[in-house]
Amino acid sequence: MTTTPQPANPIPTPSAPAPDVLRCAYMEIQVTDLQRSRDFYVDVLGLVVTAEDDNAIYLRSFEEFIHHNLVLRKGDVAAVAAFSYRVRTPEDVDRAEAYFTELGCRVERRRDGFVKGIGDSVRVEDPLGFPYEFFYDVEHVERLAWRYDLYTPGALVRLDHFNQVTPDVPRAVKYMDDLGFRTTEDIRDSAGTVYAAWMRRKPTVHDTAMTGGDGPRMHHVAFATHEKHNILAICDKLGALRLSDHIERGPGRHGVSNAFYLYLRDPDGHRVEIYTQDYYTGDPDNPVVTWDVHDNQRRDWWGTPVVPSWYTDASLVLDLDGKPQPLVSREDDSEMEVTIGADGFSYTRENDEDSMPEWKQGEYKLGHQL
């Protein structure tokens, strides 16, 4: 089984037990125009409004029974206020408080919760600089799985995962491993540099991914559909509404995760992935899949180019006072720089030249796109 290289400056492993995390549950994002964001997430993407007021909108997907999967909160700067995880028991909230206190993190606990619909919660500024939340108590709402009268062709049925940008991926992996997450896939090169890692608690490919880059930042939040045709329906709807500029990348199929995908940008530039059809990972000996950073099918199984903004752009994250966290630069190699040269070209897979058509040899498709 592949192991991630040990970081030079690992985050200490606490003696206190880690909370038993069940799944990624919701994200709280700050938006600059609440109505424009509502138009996008509700009228275009079809998320369901659980509650709203002048300062915040609480949204959920069709199969969800907890109060919300996404909170849109009005603010002066577009950023992320919380990556929120549900834990198995009320006692795991106590464990989260003790665990991150021992790590020396800033920790806040509110018995009545930080947002509507969520009870006793702990929020922390974690060792990587991300605002994490852990909760158990929650208000139940109607699960709309059987309300086919409300479904749209592109119905979003579940929150699937987060994706975080952090400078040192092995350091992040070791920290998340201590927290009970397990790596399912990663991207690295022959020298051992790790460019990204996918980590899970629920038995899918990931609840969060750690992507190498200047951070802490939020790369994307992902919602699942039942079928890939639901993703195509979203594309058709965006085209019909003359909103195709919201499409950043895709549709396509990932090599990593094997999932069908679409990346959108909301009115503030927050990235949203629509995602479906990854695979089961719940066995304890589930093998880690490692991809060569130069395999252009890692990011898109069909070899479609990755647009530069996908590598460079990401959302700021906030500290517990609501202020943007400062960025730390990545010192390891950049995935974009090692796969896309200054001339826009790179090889796809090493030693593959002989099997390629002559017109394609030496080509990286982004060169044609530019």
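All heavy atoms count here, side chains included; hydrogens, waters and symmetry mates do not.
Around CG of Asp112, the count of heavy atoms belonging to other residues, nucleotides or ligands within 6.0 Å does not exceed 12. Applying the 6.0 Å contact sphere to CG of Asp53 captures more than 12 heavy atoms from other residues, nucleotides or ligands. Counting non-hydrogen atoms of neighbouring residues, nucleotides and ligands closer than 6.0 angstrom, the NZ atom of Lys202 exceeds 12 such neighbours. Counting non-hydrogen atoms of neighbouring residues, nucleotides and ligands closer than 6.0 angstrom, the CG atom of Asp321 exceeds 12 such neighbours.
Salt bridge status for Arg147 with Asp149: present, with a side-chain N to carboxylate O gap under 4.0 Å. We find that Asp120 and Arg111 are joined by a salt bridge, their nearest charged nitrogen and carboxylate oxygen being less than 4.0 Å apart. Comment: Arg201 engages Asp20 in a salt bridge, judged by a side-chain N to carboxylate O separation of less than 4.0 angstrom. A salt bridge links Glu28 with Arg73: the distance from a Lys NZ or Arg NE/NH1/NH2 to an Asp or Glu carboxylate oxygen falls below 4.0 Å. Salt bridge annotation for Asp92-Arg95: present, with a cationic side-chain nitrogen under 4.0 angstrom from a carboxylate oxygen.
A donor-acceptor pair under 3.5 Å is absent between the side-chain atoms of Arg271 and the main chain of His220, judged by distance alone. Panel note: side chain Thr193, backbone Asp189; no donor-acceptor pair is recorded below 3.5 Å. With hydrogens and angles disregarded, a donor-acceptor distance shorter than 3.5 Å links the side chain of Thr281 to the backbone of Thr204. Distance alone, capped at 3.5 Å, places no donor-acceptor pair between the Asp268 side chain and the Val31 backbone. Remark: the backbone N or O of Glu227 is paired with a side-chain donor or acceptor of Asn230 at under 3.5 angstrom. In terms of modelled atom types and a separation under 3.5 Å, the side chain of Glu102 and the main chain of Ser15 share a donor-acceptor contact. With Arg106 contributing its side chain and Val124 its backbone, the two residues share no donor-acceptor pair below 3.5 Å. No donor-acceptor pair under 3.5 Å is formed between the side chain of Tyr275 and the backbone N or O of His161. In this structure, Ser334 contributes its side chain and Glu337 its backbone to a donor-acceptor pair below 3.5 Å. A donor-acceptor distance shorter than 3.5 angstrom exists from the side chain of Tyr58 to the backbone of Lys116, with no hydrogens or angles considered.
Between atom NE2 of residue His206 and atom CG of residue Asp160 there is a gap of 6.5 Å, rounded to the nearest 0.5 Å. With rounding to the nearest 0.5 angstrom, the OG atom of Ser121 is 11.5 Å from the CD atom of Glu97. The structure places CE of Met199 at 3.5 Å from OG1 of Thr183, a figure rounded to the nearest 0.5 Å.
Two different hydrophobic clusters hold Ile234 and Phe62 under the rule that ILVMFWY side chains link at heavy-atom gaps under 4.5 Å. Val80 and Val165 fall into different hydrophobic clusters, where Ile, Leu, Val, Met, Phe, Trp and Tyr side chains are chained together by heavy-atom contacts under 4.5 Å. Both Trp302 and Leu232 are assigned to one and the same hydrophobic cluster, defined by single-linkage of ILVMFWY side chains at heavy-atom distances under 4.5 Å. Phe260 and Trp301 fall within a single hydrophobic cluster, where Ile, Leu, Val, Met, Phe, Trp and Tyr side chains are chained together by heavy-atom contacts under 4.5 Å. Tyr85 and Leu318 fall into different hydrophobic clusters, where Ile, Leu, Val, Met, Phe, Trp and Tyr side chains are chained together by heavy-atom contacts under 4.5 Å.
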request  = Evaluate the side chain to side chain donor-acceptor pair (under 3.5 Å) criterion for residues Asn69 and Glu64: first the C-alpha distance (whole Å), next the side-chain angles of each, then the deciding distance (0.1 Å), finally the verdict.
outcome  = CA-CA 8 Å; Asn69 298 129; Glu64 188 56 82; 2.8 Å; yes
request  = Report the C-alpha distance between Thr290 and Arg188 in whole Å, list the side-chain angles of each, state the deciding distance to 0.1 Å, and finish with yes or no for side chain to side chain contact (heavy atoms under 4.5 Å, CB included).
outcome  = CA-CA 7 Å; Thr290 291; Arg188 59 180 70 195; 3.5 Å; yes
message = Test side chain to side chain contact (heavy atoms under 4.5 Å, CB included) on Arg217 and Leu327; report intermediate values, then the result.
response = CA-CA 8 Å; Arg217 293 183 295 166; Leu327 299 185; 3.6 Å; yes
ask   = Checking side chain to side chain contact (heavy atoms under 4.5 Å, CB included) for the pair Thr166/Phe130: CA distance, chi angles, key distance, verdict?
value = CA-CA 9 Å; Thr166 190; Phe130 291 98; 4.3 Å; yes
query = side chain to side chain donor-acceptor pair (under 3.5 Å) between Tyr175 and Asp126: does it pass, once the steps are laid out?
reply = CA-CA 10 Å; Tyr175 153 65; Asp126 86 351; 2.8 Å; yes
inquiry  = For a side chain to side chain contact (heavy atoms under 4.5 Å, CB included) check, start with the C-alpha distance between Val115 and His68, then their side-chain angles and the critical distance, and finish with the verdict.
reply    = CA-CA 10 Å; Val115 298; His68 56 264; 3.7 Å; yes
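Within the cation-pi definition used here (under 6.0 Å to the ring centroid, within 45° of the axis), Arg253 does not qualify as a partner of Tyr261.
With a 4.5 Å cut-off on side-chain heavy atoms, Met27 and Met218 count as touching. Contact annotation: the side chain of Arg265 never approaches that of Asp245 to less than 4.5 Å [non-hydrogen atoms, C-beta and beyond]. Contact annotation: the side chain of Glu125 never approaches that of Cys105 to less than 4.5 Å [non-hydrogen atoms, C-beta and beyond].
Residues Lys174 and Pro12 come closest through the heavy atom pair NZ-C, 3.9 Å. For the residue pair Leu72 and Leu70, the shortest heavy atom distance occurs at CD2-CD2, 3.8 Å. Closest non-hydrogen pair, Gly192 versus Pro5, comes out as O-CG, 3.5 Å. The two residues Val87 and Tyr136 make their nearest non-hydrogen contact at O-CD1, 3.3 Å. Shown here for Gln277 and Lys228, the closest heavy-atom pair between the two residues is NE2-N, 3.9 Å. Between His270 and Ile29 the shortest heavy-atom distance is CD2-CD1, 3.8 Å.
A donor-acceptor contact under 3.5 angstrom links the side chains of Trp291 and Glu185, judged on distance only. Side chain to side chain, Asp278 and Ser257 fail the donor-acceptor criterion of an N or O pair below 3.5 Å. Ser309 and Glu248 are linked by a side-chain donor-acceptor pair at a separation below 3.5 angstrom, with hydrogens and angles left out of the test.
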Counting only pairs under 3.5 Å, give me each side-chain donor-acceptor contact of residues 41-50, with atom names and distances, residues two or more places apart or in other chains.
from: Tyr41; atom 1: OH; to: Asp266; atom 2: OD2; distance (Å): 2.7
from: Thr50; atom 1: OG1; to: Arg60; atom 2: NH1; distance (Å): 2.9
from: Thr50; atom 1: OG1; to: His67; atom 2: O; distance (Å): 2.8

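Partners of His246 under the ring-ring contact (aromatic ring centres under 6.0 Å, His included) rule, at least two apart in sequence or in another chain, are Phe40.
Aromatic ring pairs are classed by plane angle as parallel below 30°, tilted from 30° to 60° and perpendicular above 60°; the pair His140 and Phe65 is perpendicular. Ring planes of Phe134 and Tyr132: perpendicular class, angle over 60° (limits at 30 and 60°).
Screening Arg109, Arg110, Arg123, Arg86 for a salt bridge (charged side-chain N to carboxylate O under 4.0 Å, His left out) with Glu133, the sole residue that qualifies is Arg123.
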